[in-house]
Every structure is written in C-alpha cells, then in structure tokens.
Amino acid sequence: KILKFKTWLVIIAIACLLLPQFAGAATVLDETGFIFGIGGENFRFVADQAPPFYQVTLTDLEFPGPFDILGVAITTSTENITELLAPGMTTFDVELGTTYFANVLGLTSDEFGAGLFGIKIAPVPIPPSLILLGSSILGLVLFRRRLR
C-alpha cells in the first residue's frame, strides 16, 4: 500500500509541474491594422492550442481618431461562431485543428477618415487556482484511502 501511495504522490507532483504549461497558453493571433472610411480586414488562424476555449479581444487604439463602429466576427468557412459588435472581449468554443477567420469591420468618420485597431486571440488559460484545487482534492481522496 505504501508503494501505491508513493506512486500517486509522484504522479501528482509530475502533474503539478506539467499542468501550468497549459495555464499560460500562447497567443494565436495578435495583429493591428488600419481601416480607412468603411472597410475591414480578415485574419486566418488555426485553433491548435488547448484548451478548446478561446478569447477574442478587440481594441480601438483611437489613432488618429476613434471608430464610430468597430466589430469582429469569428467564422469558419461555413458558419458564424461569435460576434463582438464593439471593442471589448468575448469567449468562444473551438474545435482543435480547425481553421477560423477573424473578420474585423469598422467605420471611421473623423477628419482623417482612418482608424487603428488591435485584435488578439488566445486560448483561455486554466486558472492556476483550479489546478491547485484539483490537486488538493486528489490528495485528500488519496489520504482518506490510505487511512482505511
């Protein structure tokens, strides 16, 4: 029984060392661009990083002036996944390995007739507190089994 308990402790230690790699997932798309008058830009990205929940952040950089309207739609080649109709952020589910498109549309009407935007798409990180909670619960279950 002690060998099994030590084996579980080693597994928990290895999991705690490996899981934080998923907690800080890398950015999939990080771009800036200009829109002149009424227009847009399209960006292609592949959902190839776990977890399968992504977050899109759209920012109006207000250079040389703010947008009157700024939005983004995340689509596949056949369906609309999510829309964000103002600067901000939203999350959406992805199917890993699938190609997606971020379609940014904007309208500027200031004296320059141009606007600068930023778009960032990244997997939603697993909170480190969730990893700690999960390993704590597993430790309590194993400790309870050892007492029996």
Side-chain angles (χ1 to χ4, degrees), residues 5-144:
F5 184 72
K6 287 181 181 178
T7 304
W8 276 107
L9 285 178
V10 169
I11 291 171
I12 291 171
I14 290 171
C16 287
L17 290 174
L18 293 178
L19 285 177
Q21 292 177 357
F22 295 110
T27 301
V28 174
L29 177 72
D30 192 4
E31 296 285 338
T32 57
F34 273 103
I35 293 177
F36 299 95
I38 298 173
E41 286 202 38
N42 299 315
F43 302 98
R44 180 178 175 258
F45 66 96
V46 177
D48 58 358
Q49 296 181 29
F53 307 106
Y54 279 39
Q55 177 178 351
V56 59
T57 305
L58 183 64
T59 308
D60 182 353
L61 299 175
E62 298 189 7
F63 176 80
F67 282 94
D68 292 338
I69 299 172
L70 182 63
V72 64
I74 305 296
T75 64
T76 64
S77 59
T78 59
E79 68 179 308
N80 186 17
I81 304 300
T82 189
E83 295 175 351
L84 183 60
L85 301 176
M89 71 177 74
T90 188
T91 58
F92 57 99
D93 297 338
V94 297
E95 186 175 321
L96 295 179
T98 302
T99 300
Y100 292 88
F101 303 92
N103 307 298
V104 180
L105 301 170
L107 168 66
T108 59
S109 63
D110 66 352
E111 63 185 272
F112 295 106
L116 183 65
F117 69 90
I119 184 170
K120 180 177 180 181
I121 299 175
V124 176
I126 299 170
S129 59
L130 185 64
I131 295 169
L132 183 61
L133 176 68
S135 63
S136 299
I137 291 172
L138 183 61
L140 289 172
V141 168
L142 292 175
F143 182 71
R144 175 77 174 154

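Just so it is clear, the structure is predicted and the values come from calculations on it, not from any experiment. The first residue of the sequence shown is numbered 1, and numbering continues consecutively from there.
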Undergrad: If every non-hydrogen atom of Thr82 is compared with every non-hydrogen atom of Asn80, which pair is closest and at what distance?
TA: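 Residues Thr82 and Asn80, closest heavy atoms: O-OD1, 3.5 Å.
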Undergrad: Quick one: side chain to side chain donor-acceptor pair (under 3.5 Å) partners of Gln55, sequence neighbours excluded?
TA: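 Partners of Gln55 under the side chain to side chain donor-acceptor pair (under 3.5 Å) test: none.
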Undergrad: What is the distance from atom CD of Gln49 to atom CD1 of Ile121, rounded to the nearest 0.5 Å?
TA: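 Answer for the CD-CD1 pair, Gln49 versus Ile121, is 12.0 Å.
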Undergrad: Show which side-chain atoms of residues 30-43 pair as donor or acceptor with protein atoms under 3.5 Å away, not counting sequence neighbours.
TA:
none

Undergrad: Between atom CG of Leu105 and atom CZ of Phe117, what is the distance when rounded to the nearest 0.5 Å?
TA: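 One finds 9.5 Å between CG of Leu105 and CZ of Phe117.
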Undergrad: Only distances under 3.5 Å count here; give the side-chain donor-acceptor pairs of residues 57-70 to other protein atoms, sequence neighbours excluded, each with its distance to 0.1 Å.
TA:
from	atom 1	to	atom 2	distance (Å)
Asp60	OD1	Glu62	N	2.9
Asp60	OD2	Phe67	N	2.8
Asp68	OD2	Ser109	N	3.4
Asp68	OD2	Ser109	OG	2.1

Undergrad: If you compare all heavy atoms of Lys120 against all heavy atoms of Thr27, which two are closest, and at what distance to 0.1 Å?
TA: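 Taking Lys120 first and Thr27 second, the nearest heavy atoms are CE-OG1, 3.4 Å.
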Undergrad: Any side chain to side chain donor-acceptor pair (under 3.5 Å) involving residues 87-104? Give me the pairs, sequence neighbours left out, ordered by first then second residue.
TA: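 Sorted pair list: Thr75-Asn103.
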Undergrad: Please name the pair of heavy atoms, one in Gly115 and one in Thr108, separated by the smallest distance, quoted to 0.1 Å.
TA: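 Smallest interatomic distance, heavy atoms only, reads N-CG2, 3.6 Å.
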Undergrad: Flag the pair Tyr54 / Leu29 as yes when at least one side-chain heavy-atom distance between them is below 4.5 Å, and no otherwise.
TA: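 They are not in side-chain contact.
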